[in-house]
Amino acid sequence: MKIFTLEDYSQMCRLGAELICDIVRDKPDAVLGLATGSTVIGVYRDICAEFDKGLSFARTVTINLDEYVGLGATHPQSYAYYMKHHLFDKVDIRLADTHIPNGMAPDLDRECDRYDSLLDKFPRDVQLLGLGSDGHIAFNEPGSPFTSRTRVVQLADNTVKDNSRLFDNIDDVPRFAVSMGIADIMSARKIVLLANGANKAQAVENMIRGKVDESCPASILQTHPDVTVILDQTAASLLR
Ligand code: GLP
């Protein structure tokens, strides 16, 4: 695990974007595993800046981690909407080459199978990740099997509370999501995880120093051969 503790959020995002853009420069048809959440917004801003300077994503394929069950692509809190707003509408990627689970699919089990087939077809060159304050990655909450693949998951109360800041009312936060599994995340060639803020410090410590255990899903990353963790000072505060 390579760990970078940087001065501020803008430096974190610059490094995260650089790592991803370097992959696209070397391999224009790279498959990028993408994440949502507040932490990675700045990474997308910096990736868009590289596009403005001439980097093309026209041959790139993207596969997102997760989507809320019951939110369609036009819902402002859906991850499909987020990705269009922060990245897809701003670069030259072909929308047909972007993939996000469909949280509105009439048969969610079938949707999970469809997503697993996609993951098998497109091995990811890099997987971008944020970190839940309870140590979740994607929506793999504590207790998720390390062998898990795409499935419908129930959000932990803590996650519903954390994510409620983006909704008008906590009751509007969906309780279920379709999430890539931990085994899917681990199959990416390279992983880049960002975490900032004091509310992530405990999860960061458990991820890096804790026992590799399903009670902290992110702790499995200790066993991946190529992980870069990018932190700010407050998220890294318990590591000193
Ligand atoms: C959400 C997402 C995760 C994200 C995490 C952190 O629930 N499913 O993919 O990484 O929680 O979110 P944030 O960056 O907003 O703190």
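Both counts, for ligands and for their atoms, begin at 1 and track the order of listing. Keep in mind that what you see is a predicted model, and the values were worked out from it rather than measured.
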Mind listing the N or O contacts between ligand 1 and protein, cut-off under 3.5 Å?
{"residue": "ligand 1", "atom": "7 (O)", "partner": "H136", "partner atom": "NE2", "Å": "3.2"}
{"residue": "ligand 1", "atom": "7 (O)", "partner": "N163", "partner atom": "ND2", "Å": "3.1"}
{"residue": "ligand 1", "atom": "8 (N)", "partner": "D66", "partner atom": "OD2", "Å": "2.9"}
{"residue": "ligand 1", "atom": "8 (N)", "partner": "A138", "partner atom": "O", "Å": "3.3"}
{"residue": "ligand 1", "atom": "11 (O)", "partner": "H136", "partner atom": "NE2", "Å": "3.0"}
{"residue": "ligand 1", "atom": "14 (O)", "partner": "S38", "partner atom": "N", "Å": "3.3"}
{"residue": "ligand 1", "atom": "14 (O)", "partner": "T39", "partner atom": "N", "Å": "2.9"}
{"residue": "ligand 1", "atom": "14 (O)", "partner": "T39", "partner atom": "OG1", "Å": "2.4"}
{"residue": "ligand 1", "atom": "15 (O)", "partner": "S38", "partner atom": "N", "Å": "2.8"}
{"residue": "ligand 1", "atom": "15 (O)", "partner": "S38", "partner atom": "OG", "Å": "3.3"}
{"residue": "ligand 1", "atom": "15 (O)", "partner": "R165", "partner atom": "NH2", "Å": "2.8"}
{"residue": "ligand 1", "atom": "16 (O)", "partner": "K200", "partner atom": "NZ", "Å": "2.7"}

Check this for me: does any side-chain nitrogen of one of R94 and D97 sit under 4.0 Å from a carboxylate oxygen of the other? yes
Ring center gap for H99 and Y115 short of 6.0 angstrom: no
F88 ring center near Y44 ring center (under 6.0 Å): no
Rounding to 0.5 Å, atoms CG (D134) and NZ (K161) come to a distance of 11.0 Å
Donor-acceptor check, side chain of T60 to backbone of A30, threshold 3.5 angstrom: yes or no? no
D116 versus T150, side-chain donor and acceptor atoms under 3.5 Å: yes
